[in-house]
Every structure is written in C-alpha cells, then in structure tokens.
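So the structure is just underneath, and the comments pick up after that.
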Amino acid sequence: MTRSQAARTNVCGVTAVVAVIDGRWKTSLLWLLESGPQRPAEIRRRLPGLSEKVLTQALREMESDGLVHREVHDVLPLKTVYSLTDFGRRLCDALGPVSDLGHERLDRMTAERAEQAEQAVEAERAAQAGPSVS
C-alpha cells in the first residue's frame, strides 16, 4: 500500500484505515501511545530496532493522518511529546477486536505446530523401533 492511498477518498473504509496504519512500526507506535504521551527517546527505547529516521518519518505521517498530536515545549533543549488524538484513540479501540483475532490465530498456529512436532517425534520413534510384528 502506498502513502498516496491514505489521501484517496474513493476507497472503502477498511482500505482508508489500513492506509494510515500500514508499515512495520505504526501499529506498535499506536500501542505505545495508547498508554499515554511519549517522548521520541522513550519510544525508541521501548522499540528496539526502530531507527530515529524511521521513527520521525512514521510519526510525521501519523500526525499528517490525524492519529497523533505533536507538542513541542519551548525549553532548551527542545522537548517534543507525542500523544494520540481522539481519532487515534478511536482507531486503537477499533483495532482491539482485530488484535484479539490475531492472538487467536497465533495461538492456533502454535498449537498446530506443537501437534505436528509431536507427530514427527512419534513417527521417528516408530521408525527407530522397526517394523511391527502382527
């Protein structure tokens, strides 16, 4: 999905929402900001692997899309704080059930893999025991 799709008005509602949360870090950023306002350095500490450049770009896009509010305090050094807008909070509320479905899927996948691993172990044991005599 491209950034240009976030500005389109002739798409379905799901596409309009997915366009503003598309990307590796945006849902994680929403999740972090849901717990309260955060400074960029705090966010980077809580999301290892997120570079300053990518964080800045994602936050600017999210601000442009109306998900986050950027507040700059006029102190030295400058202090910037990001928080969710009302729209961002509503989006988090809407994504809650989607997250629940995702966790259900992950639990099901984990159970299926455990079952497959158990079957593989049983098959290996049977192969090591040799042919059964009837």
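Excluded from the calculations below are hydrogen atoms, water molecules and symmetry mates; all remaining heavy atoms, backbone and side chain alike, are included. Predicted, not measured: the structure shown is a model, and the values here were computed from it.
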Subject >> Sequence-distant partners of L76, side chain to side chain contact (heavy atoms under 4.5 Å, CB included), two or more places apart >> reply: none
Nearest 0.5 angstrom please: [X] [atom1] to [Y] [atom2], how far?
X   : Y   : atom1 : atom2 : result
I21 : D65 : CD1   : CG    : 11.0 Å
L30 : L67 : CG    : CG    : 6.0 Å
L47 : W31 : CG    : CH2   : 7.5 Å
L55 : R60 : CG    : CZ    : 10.0 Å
L33 : L84 : CG    : CG    : 5.0 Å

Original post:
So which pairs with a foot in residues 33-47 pass salt bridge (charged side-chain N to carboxylate O under 4.0 Å, His left out), sequence neighbours left out?
Top reply: R44-E52
Which atom pairs, one a donor and one an acceptor, fall under 3.5 Å between side chains of residues 107-124 and the rest of the protein, sequence neighbours left out?
residue: T110; atom: OG1; partner: L106; partner atom: O; Å: 2.9
residue: E115; atom: OE2; partner: Q119; partner atom: NE2; Å: 3.4
residue: E124; atom: OE2; partner: Q128; partner atom: NE2; Å: 3.1

**OP:** Count the heavy atoms of every other residue, nucleotide or ligand shown that sit under 6.0 Å from CG of N10, and state whether that count exceeds 12.
**Re:** yes
Minimum heavy-atom separation for [X] to [Y], with atom names?
X   : Y   : value
L29 : A58 : CD1-CB, 3.7 Å
S35 : Q38 : OG-NE2, 3.7 Å
K26 : D22 : CD-O, 3.4 Å

**OP:** Any pair with a residue in residues 81-101 that passes side-chain hydrogen bond (donor to acceptor under 3.5 Å, both in side chains), sequence neighbours left out, goes on the list, sorted by first then second residue, please.
**Re:** R70-Y82, D86-R89
